[in-house]
Amino acid sequence: MSNTKPVLLPESFNGELEKWNEWVTHFENVAVVNKWETGEEKLKWLRVRLTGKAQTAFMKLPEAARGNYGECIKALQKRFAPDSRRELYVAELNTRKKRRDEDWASFGDALRVLSDKAYPDLEDKAKERLSLNQYLSQIEDSQVAFGVKQKRPSNVEEAVAASRLLSNLSRT
């Protein structure tokens, strides 16, 4: 086990349900930077970066899960990102509309976040396609929608760029 100081400390996690997937990805990325290669090393840091409800949930895990990084993450995943939450994210993604006060880029970013939460096991390319389809379905101005679709964007960023351009042109 490495006794060197970490290059980067992972953020703490307090048990906020909306943040679990982001946080665990962040934790894994920090583990790579710090070269925490064993489950034992990761578990050591996981224990001290959990606070509040997350710390309580960790302490309530069976001893076997508290002593094994992989089992611990699985158990915490069930607690903080249960499948029922995914169903809510799927529904939210499918019904998400652009708000009047929301710019195109923010709307696209929101769709990507929902896709990640709704389909965490899906490949990035497929999640991007789902986000793009929802994005395209929400363009209300028929001329802008036609123009954006005619450009055949392959991702949300391309659709955002086209939406901005065509929206600005339609205003003039």
Side-chain angles (χ1 to χ4, degrees), residues 1-99 101-135 137-138 155-157 160:
M1 185 181 301
S2 173
N3 285 327
T4 59
K5 276 183 132 177
V7 174
L8 180 66
L9 271 179
E11 298 289 325
S12 60
F13 178 67
N14 66 5
E16 192 176 338
L17 293 176
E18 298 293 317
K19 304 288 183 189
W20 169 256
N21 288 328
E22 284 174 31
W23 182 83
V24 82
T25 299
H26 163 75
F27 185 86
E28 289 292 338
N29 289 336
V30 170
V32 169
V33 169
N34 289 319
K35 297 182 174 126
W36 300 335
E37 295 173 0
T38 67
E40 190 178 338
E41 288 175 298
K42 291 177 185 179
L43 193 55
K44 174 179 81 172
W45 286 100
L46 177 80
R47 285 184 182 123
V48 298
R49 301 314 294 166
L50 298 175
T51 63
K53 292 177 186 174
Q55 181 66 38
T56 301
F58 175 81
M59 295 309 295
K60 289 182 179 179
L61 293 177
E63 193 172 326
R66 286 195 320 259
N68 178 291
Y69 179 73
E71 292 301 314
C72 180
I73 291 296
K74 281 182 193 172
L76 291 173
Q77 175 78 23
K78 284 182 184 175
R79 168 65 174 83
F80 294 111
D83 289 340
S84 60
R85 303 260 333 143
R86 288 185 189 161
E87 292 169 15
L88 291 173
Y89 294 133
V90 168
E92 191 175 348
L93 173 65
N94 292 334
T95 59
R96 179 68 160 81
K97 297 188 182 316
K98 181 181 172 292
R99 295 187 281 273
D101 63 336
E102 187 173 41
D103 62 67
W104 287 110
S106 298
F107 177 58
D109 290 342
L111 292 174
R112 283 179 167 153
V113 167
L114 285 170
S115 290
D116 284 339
K117 289 179 177 181
Y119 302 103
D121 301 327
L122 206 56
E123 288 185 26
D124 289 343
K125 198 170 190 175
K127 289 188 275 193
E128 183 69 21
R129 190 74 199 161
L130 289 167
S131 299
L132 177 61
N133 288 343
Q134 183 63 16
Y135 182 95
S137 76
Q138 295 306 308
N155 58 46
V156 173
E157 283 180 33
V160 167

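Numbers for residues simply follow the sequence, beginning at 1.
Note that the CZ atom of F58 and the CZ atom of R66 stand 6.5 Å from one another [nearest 0.5 Å]. The CZ atom of R49 sits 11.5 Å away from atom CG of N14, with the distance rounded to the nearest 0.5 Å. One distance of note links CG of L93 with NZ of K117; it measures 12.0 Å at 0.5 Å rounding. Taking CD of Q138 as the start and CH2 of W104 as the end, the distance is 8.5 Å to the nearest 0.5 Å. In this structure, Y119 OH and Y89 OH are separated by 14.0 Å, a value rounded to the nearest 0.5 Å. Annotation: the span from N68 atom CG to L43 atom CG amounts to 8.0 Å, rounded to 0.5 Å.
Salt-bridge check for R112 with E128: passed, with a basic side-chain N closer than 4.0 Å to an acidic carboxylate O. We find that K42 and E28 are joined by a salt bridge, their nearest charged nitrogen and carboxylate oxygen being less than 4.0 Å apart.
Under the side chain to side chain contact (heavy atoms under 4.5 Å, CB included) rule, K127 has a single partner from D116, L132, L111, which is D116.
Side-chain contact between V33 and N29 is absent, with no heavy-atom pair separated by less than 4.5 Å. Contact of the R96 side chain with the F107 side chain is registered, since non-hydrogen atoms from C-beta on lie closer than 4.5 Å. The closest side-chain heavy-atom distance from L76 to L50 is below 4.5 Å.
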Evaluate side-chain contact (heavy atoms from CB on, under 4.5 Å) for Q55 paired with M59, printing each intermediate quantity in order. CA-CA 6 Å; Q55 181 66 38; M59 295 309 295; 3.5 Å; yes
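Using a 3.5 Å distance cut-off with no hydrogens or angles, the side chains of T51 and S12 do not pair a donor with an acceptor. Side-chain polar atoms of W23 and E11 form no donor-acceptor pair below 3.5 angstrom.
Put simply, the side chain of E92 never gets that close to the backbone of L88: no donor and acceptor are under 3.5 Å apart.
Between F27 and W36, the ring planes are tilted. Angles from 30° to 60° get that label.
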